Every structure is written in C-alpha cells, then in structure tokens.
*Asks:* 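Attaching a single structure in structure tokens format; questions to follow.
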Amino acid sequence: MWKLVLPLITLIAAIALSAAADRPLPRADFTFINRGDITTLDVHQMSWMMDLRMARLLCEGLVRPNIFSREYTLEPAAAESLPEISYDGRTYTFHLRRDAKWSNGEPVTARDYLFSWRRAMLPENSTDYTTLFWMMEGGREFFDLRAADLKAHAQRAKGLSASERREAARVLWEKSCADFDRLLNLHAPDEHTLVFTLNRRVPYFLDLMSMPVFYPVYPPLVTAHDTIDPDSGRVKTDPSWTKAGTFITNGPFRLTVWRFKRDMRLEANPHYWNLAALNVRSIAIPSVEDPNAAVMAFRTGAVDWVSDVNAGYRGELIAQKEAYFAEHRAEHEALLAQGLDPIEIDRRLPPDPRATMHAYPAFGTYFYNFNCRPTLPDGRANPFADAKVRRAFSMSIDKEVLARDVRRSGEVATDVLIPPGSINGYRSPRGLAFDPARARALLAEAGYPDPTRFPVVEVLFNKDSGHDLIAEYIAREWQTNLGVPVQLMTKEIKVFRDDLRTGTFMTSRAGWYGDYGDPTTFLEINRTADGNNDRGYSNPAYDALLDRAETELDAGKRLQLLQEAERIIVEDELPLIPLFVQNNFYLFDAHRVSGVSSHPRSEQQLFRVDILGDGKGAEKALALPAKK
Amino acid sequence: MTRLILTRLAQLPLVLLAVYTLTLALAWAIPGNPLENSERRPPPEVEAAMKSQYSLDSFWSFYWSYLDSATGVRAARDHFSGRAESERHRLESLHLAPPPRRVFDLGPSLQYRDQRVSEIIAGSLPVSAQLGVIAIILAILIGTPAGVLGGVRPGTWIDSLSLAISLIGISLPSFVTGTLLVLVFPVWLGVGRVGGWGSFSQMILPALTLSLPFAAYIARLTRMGMVEAMSSDYVRTARAKGLPESSVVLRHALKNAALPVVSYLGPACAMAMTGSFVVERVFNVPGLGQHFVNAVQNKDLFLIIGVVLVFSTMLVLFNLVVDVLYRWIDPRIRM
C-alpha cells in the first residue's frame, strides 16, 4: 500500500514547498491595471498605448506636452528649455539639463542621444515609427545605405570562413557608424548641447519629439547586450537588457520587479532631477488579462486606476453614471455650464461608486473604408470608384443612433475625420450629415436608379470588440435607406488585416489614432500610395494640398490648406465614412486619484499621479482649466 | 528497466524533430504578418527589414535558423570558433558584464519583444505544473473514495449517486464548472479569490475545477476495478481468514483495483498540466496554457513552437514515468 501513497505524499510536499517560496509584495502607493502585460520596454520598439505609458514613467524625452493644458503646450523635460529653432525652421539646438541623471547616477549627455537615435535609425531595429527619423537630414540615406550594406554583406558572408565573416561584420558596423556621422547633420558640440537639422521645416516636429522613440537609452547597457551577427551583419540587442535589476533609465521611476504576465513594480528613481515633484513613491501594475477581473479588482479596492475598461457590461456602467448625473441634474448642469473638466465636475459632485466610470473622447476616429480602386480584386468594375456612390452610402447612415443605441458607450457621432478640439487652433469642416432622401437621389444620379440591381455590397470586419454589432447596423442602414443588397463578411483579425493591405474588400471597418498634434497625422493616410492608405484612394488635388501645406510658412494659412484637404475627404470624396470619435474608458475615483487627464489627445503621464488624502505628495487635485 | 528508460530518451529528439517540423509547417500557414501588431503600417522597406530581423523572409531560412539555435549547434559553433571568447573580451575591455549565455536558444517572442521564449516558459510552466499537480492530487483524493464506496456495494444508492456525479464531472466543460464555482464561492459566499497565483485561496478553486473530470474518471476506474476485485478468489480467501472488512477492501481489493488508475495517472498528469488553458483563462492564472492560445492568435512563431515542444516533451516523459512506476508497483509486469 505504501508504494501507492508515497508518490502522492512526495507531490504534496513539493507543492507546499514551491507555494511557500512565493511571497506577495506590500501594497504600492499607486496600483493600476495596464491591460494584460506590455509587449516591450524598449522605447525604440514601442507602438502600443500600454507600452508608451510605461515609457513615460520609466524614461524621459527632451520635451513633453502639458497634459493639463487645453492647448497641450510643449514643455521642456530632459531639456533645460525649449530648443532654439533656426529661422528656416530646420535646425534645432537643444540644451540638456545638467542635473539629468540615469538611474545609476551617471549624467545624461548629448552623446547618449546620438547613440540612441542611431540605434533607432538602424534597419535592423526598424519599427512603426522608424520613418520619423527620415525627416532628419540624412536619415533616409543612412537607412538605405545600411540596408544595402547588410544585404551585400549577407551575400558575401556565404563564401567566408567564420572568423573572416566576424571581421567583415565588425568592419561593416564601423563603416555604418562613420556613415551615420557623415550623413546625418546631428552633432553634440558639448556634453549638454544637441544640434540637428531637418530636411525641411516640419511645424509639428517638436511635438513628435515627445514620442518615446526619441527618448534616450543608456549606451553602456545597450552595448553590453548588443552582438553583431556575423552571417547577416546585423546588430542585435539581447532582450534581457530591459529586465528588472538590469534596466537603466532616465525617467521618474525605475523598474524593480517584472514578473511576466504577473506583475510589475516601479520605485521612484532616486537620481531623477525632479524627484521632489513625485507624489507617489511606488507603483504596482498587476497583469490582468480578463476584462471582468479588472473591474472586479477595482471594485474590491485592489487597484486605483483601470486604464481600459472592456467588460461586456461597460454599457451598463456608463448608464449608471448617467443615472447618477441625472440624480444631481441641477448641480451637474451648472458645473457643465462653467466649462469645467469632466474630472473636476466629478470631484465637485458627491462621491458615489457609480461615478468611478469615466468615458472621455480619445485621439482616434472610428470609420468605414471604401475600396476606391477602379476594379475589385476579382476583376469586376468597382462601384465605389465613383465618389457619388460613396457620398450616397455615407449619407444613408444615421450615426447618432449608432452611437446611442448600438455602441451605448458614450461616444460622440462625427462627420469629420479629426477628433474635434484635439488639435489646438484647428477647426474641422462640417462634413456630410444623415440625409437618406438625398442619398437615394445621388445613387440614382450615379447610374443606379434601381438600387436592388446594385452589386452586392460586401462589408468586411473582424468579430472582436463589438465590430460585429456596428457592421450589422451599417448593413441594415444601407439595406433600408438605400435598398442595396448587402453581405457581411467576418474574418479573423490577422486575415482581416491582410485583406485590407491587399485591397481584398469592398467596404470595411477601420479606425485611426493620431500620433502628434497636427491635422496631417490623420490626413496623410489618404495620400496616394501611403502605407496606411488601405482604401487605395488617389487624388492629385488632395496630394497637392498636403504638399502645399508642407511648404507653407504661415501657420494660419497652413491650417486652412489642411482644413480644405479634410473637407475634400469628408464632404466631396468620402474615401471613408467617419462614424464616431473613439473613447477612452477608465475606472478611478476622482475624489481620491489626481493626475489622470481627460484631454482628447489621451496621453497619460502617470508620474503626475497623486493619491489624495494619503498624506503624501502635493495633495493638489489636477484638472484641465475651464473652457472659456 | 534501464533499457526502457534509455530507448525512450533516445527516441525523444526524433519525436521533437517531427513535432517541430509539423508545428512550424502548420504555424507558417496561419495567415497574417506576425510582426504587424497595430493598425499602423510602416513603409515596405521598413517592413522587409523587420521581417529579416527574425529570419522570417522564408520558411527554410526560419526552419534552419531555429534548429541551429534551439539545438545548441550555434552556441557550440560560437564556442569553438572563438566568437564567444572574443565577445567576452570585447565586453571586459568595456568593463561590462556579458549577458547570460544560452546553449539551447528557443528564440525571442515576437509579440512580447522583451521576453525570450525560454523565459516565458520558465516563468509560467511552474504555475501550470503546480495547478496540474494539485488538481491530480484532488482528483485522487476525491475519485478513489468515491469509486471504492460505489464498487464495494454495486447497485446500491451510494453507487448510483457516485456514478451520476461522475457522469456530470466528465460531461461538464471546465468553463461551466469554473464559472459556477466562481459564482458560488467568491461572489456569493466570499470564500476564495479569483485572479493571480501564489496563495492557497488563489489556487484551490482553479485546481478544483481542473480536477473534476479527472476525479470522475478515476472514480469510474476505481469502481470498475473494485467490482471485479470484490468477487475474486483472493478476496474470498481474505474474508475466510477472518480479516476485518476494512482490511479486505483497502489492503487486498484496492491494491489490485488501483492498477488501472495508476496507468491512467500518467496521461492524466500530462493532460492536467498542459490542458489547463480554459481554467487558466477563467481564473486569470498566469500559466503556460494561456500562451498556447494567445501565441496562435498572434502568430508568435517562436512561442508556438516553444510551447508545443515543451508539451510534447512532457507527454513523452510522463508516459515514461508511468511505465516505470507501473513496474515498480507490480513487479510481475515485464517488458
């Protein structure tokens, strides 16, 4: 009998031992859920929102926007002041803070930036944002040269011995470093001065520079993890450089624990130049993948902020907040009339668990694509190549009903591409309103007097995140308001993206989030042959407007040109139908948590967070100033 | 015995090679670009550069480059060609500590760029293993007594009850039982916790959910063995000797009735440790199972292959352990 029981006892003992080895950490000053887990802490590789949030906690760029100003004013961060910009708008001179330090106490120097930007510009490190560096003089040339050199090396390496290959790869790397110094007009005249030149004046370049891809990385750390692959000649960074205990950063916090898919832990960086301004000293970020579990964690008080509320009953949470506002109608309306920040309004109303749900407009638009190419992938003539047809289809959707009854997530319907109020000084055109009678007339004018004979309209979408409900609604609108036959086509996300890329669709769901504070961040996606122009839309007049805006020196005139460009998209040509402005969905108690911004550009700088009433930090509630 | 162990271990690399080839062929056929992860799309030259970072340009370049590093051939080559040595010298001259060397390099995760597949597995496999082992222990503790009770008195109401419960245990999927357990214990009764891993209160519910089908199966196996054993000659002899009934049942009948259970435990252990992704999802347990599903969705090639290889190795090893245990418990069994 003991032979049967012995293995069992051994197993129980092993479990007890391994469980005892796992001890929980004490509660941090601030705890938030940043979705499941982040994809990378390498600032040069990031493109996801949850990764960018971490970058702003751990690292610091030269400038950053003041997220508590309506104008989103740029302010110096790791730089001492905003840069001097030459008269032609091309040469930038930055003076770095002399007290800026890495988390190991070493000073941050101008040479660190040269190293970091060179790394970001390498073809072997290329990511979604690599092309931003091509605005710098010589950036594109350096990329192309290095890419060609790598290709040639890989060819030649096949005939070499191992040690010759290694030597050739090393020589190539030295050549590339020299190429970089030669081609780029980028210098560090002294430890604290950084000078570079752009190909042309880019009015929003400073805004771009607040993006993490321009942040510095600690050169000795990266070098220690870099190896030159003798076969391909590529420089590869071993991913272990961003691990807790190894990672060295220049931001307000440093990484102390990262247990993948379990949790992260940050502590204030003792060498940060503005350490005194931090209102929390430790931050915990548990990894919670399940949307319901995230809401539960907030409800039980385990976390202070949920960055992305995605539970199936989000609509109910938002409805409950509406009911709460309705209970305090008089007060709420008075506060609204003062033009206050919604967070400030929540703070002035009595506390209530229902008030912890927040939905704010984000810097993104949900829209539908038309395939604008003359023929469909199967060779048929494309009815949507005609702008009249596209106008008719977009005027036949009642977006208000979509936002109110289908989405039920507090989003605002829109007829334009650029989220209103997100870009300082820019005003979008009106767009096309819902008008089914006019839509039917337009369709007849375009040669379809009998809409039932219109080719079957295929609607391509992926099923997740409620896209199916929107697709069904749009299909029904087209069927009832225009009378055309519609067919829904649902695809798995990767296949969906492939179909978009290859233009294998008639109409599809789509969306876009802006990167920087200029209308071009939304308008460039409709330029002929742009990498993100899934619609295959091409209009020389539109492209010419964008080109003219590029060279226009007068800021006001430039915005007018861009407004005209947006008007072409949303009133005349409609390569896409804007549907609603995307929302951010947060859970937090505004009476307790300060530092989360409701600005439509939707960037969060969580080092500003203050837990009100914990006796630590400034205890000052932050909010956007009231609208005038 | 030694021969059995050696042959099985010698077969393992061949099994893994076949599994690798098949998995890669299937995973390669999944549509979509594994590196594309947002709505944004870089220009074609950037995209080409991104792909060649990971030898994703062609199937065969990936096939060989992965084999090269995963089997340790690359590490050996670096060692003998002096590359590893020169790299160490370079870093020492810069006063830098070299990053850890890996002999068997399973590659990076394409989705989680800062993680190596080996690190992901090292972090989550112990969790899945704990979950699986606890579940199997629970299954034995629940299933064996239930089977014995029924098997000793077949046809009585106790027997019918244990049969009915085990039928439910086998048929209900774990996302149903898991959700029911969450509803009853943490939500209604306030007992136990959902999410995370480490404390007993976090472990018990997912383990219980995972154990139910196994417990049910064990109960059925035990019952079957007990029914047969109770009518056998040696039980009659034991009774004739005047042994107390408890001793007859536990010492004589159960010992033989348990053999089918033991042989079931091997595959059951492997299944419990590798097949827990539904339970892991319901309870937000940071185990290996979640990566199995997510990696396929993300077309994270390195992670898919890494996880499949780990699961295959576990299956082979568990079956081996069971074969060994089987012989140890019942020496009559020979090759």
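Quick caveat: nothing in here was measured; it's all calculated off a predicted structure. Proteins get letters first, then strands, A, B, ... in listed order; numbering begins at 1 in each.
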*Asks:* Which bit of A/S287 comes within less than 4.5 Å of chain B, counting heavy atoms only: side chain, backbone, both or neither?
*Replies:*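 Looking at A/S287, just its backbone touches chain B.
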*Asks:* Which bit of B/N294 comes within less than 4.5 Å of chain A, counting heavy atoms only: side chain, backbone, both or neither?
*Replies:*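 Interface part for B/N294: side chain.
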*Asks:* Using the test side chain to side chain donor-acceptor pair (under 3.5 Å), find all partners of A/R527 that sit at least two apart in sequence or belong to another chain.
*Replies:*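 In terms of side chain to side chain donor-acceptor pair (under 3.5 Å), with neighbours along the sequence ignored, A/R527 is linked to A/E524, A/D547, A/E550.
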*Asks:* So what's closer than 4.5 Å to chain B heavy atoms on A/N292: side chain, backbone, both or neither?
*Replies:*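 For A/N292, no heavy atom lies under 4.5 Å from chain B.
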*Asks:* As a test of understanding, state which of B/L110, B/V296, B/I120, B/N298 forms a side-chain contact (heavy atoms from CB on, under 4.5 Å) with B/L303.
*Replies:*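 For B/L303, the side-chain contact (heavy atoms from CB on, under 4.5 Å) test succeeds with only one of B/L110, B/V296, B/I120, B/N298, which is B/I120.
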*Asks:* Name the option with the most non-hydrogen atom pairs under 4.5 Å to chain B; the candidates are A/D37, A/T130, A/L41, A/D290.
*Replies:*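 Answer, by heavy-atom pair count under 4.5 Å with chain B: A/L41.
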*Asks:* What part of A/I38 gets closer than 4.5 Å to chain B, counting heavy atoms only: side chain, backbone, both or neither?
*Replies:*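 Backbone only.
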*Asks:* Go through the atoms of A/W258 and report whether side chain, backbone, both or neither lie under 4.5 Å from a heavy atom of chain B.
*Replies:*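 Side chain only.
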*Asks:* Below 4.5 Å from any heavy atom of chain B, which atoms of A/A147 appear? Answer side chain, backbone, both or neither.
*Replies:*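 Answer is neither: A/A147 stays 4.5 Å or more from chain B.
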*Asks:* Please classify the contact of A/K243 with chain B as side chain, backbone, both or neither, using a heavy-atom distance under 4.5 Å.
*Replies:*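 The answer is the side chain of A/K243.
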*Asks:* Taking all non-hydrogen atoms of both residues into account, name the closest pair between B/I121 and B/P126 and its distance.
*Replies:*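 Looks like O-CD, 3.9 Å.
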*Asks:* Using the rule given for side chain to side chain donor-acceptor pair (under 3.5 Å), can you reason through A/T242 versus A/D42, listing the C-alpha separation, both sets of side-chain angles and the distance that settles it, and then say yes or no?
*Replies:* CA-CA 7 Å; A/T242 57; A/D42 182 341; over 6 Å; no
*Asks:* Under 4.0 Å between a side-chain nitrogen and a carboxylate oxygen: does that hold for B/D105 and B/R116?
*Replies:*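 Here B/D105 pairs with B/R116 in a salt bridge, since their nearest N and O are under 4.0 Å apart.
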*Asks:* Looking at chain B, which one of A/R234, A/E492, A/E124 has the largest number of heavy-atom pairs inside 4.5 Å, strictly under?
*Replies:*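 Top option by heavy-atom pairs under 4.5 Å: A/R234.
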*Asks:* Answer yes if the ring centres of B/F62 and B/F302 are under 6.0 angstrom apart, and no otherwise.
*Replies:*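 Between B/F302 and B/F62, which both carry aromatic rings, the centre distance is below 6.0 Å.
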*Asks:* For A/E106, give me all partners under side chain to side chain donor-acceptor pair (under 3.5 Å), at least two apart in sequence or on another chain.
*Replies:*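 Result, side chain to side chain donor-acceptor pair (under 3.5 Å) vs A/E106: none returned.
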*Asks:* Given that the side chain runs from C-beta out, which part of B/V261 has a heavy atom under 4.5 Å from chain A: side chain, backbone, both or neither?
*Replies:*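 Answer is neither: B/V261 stays 4.5 Å or more from chain A.
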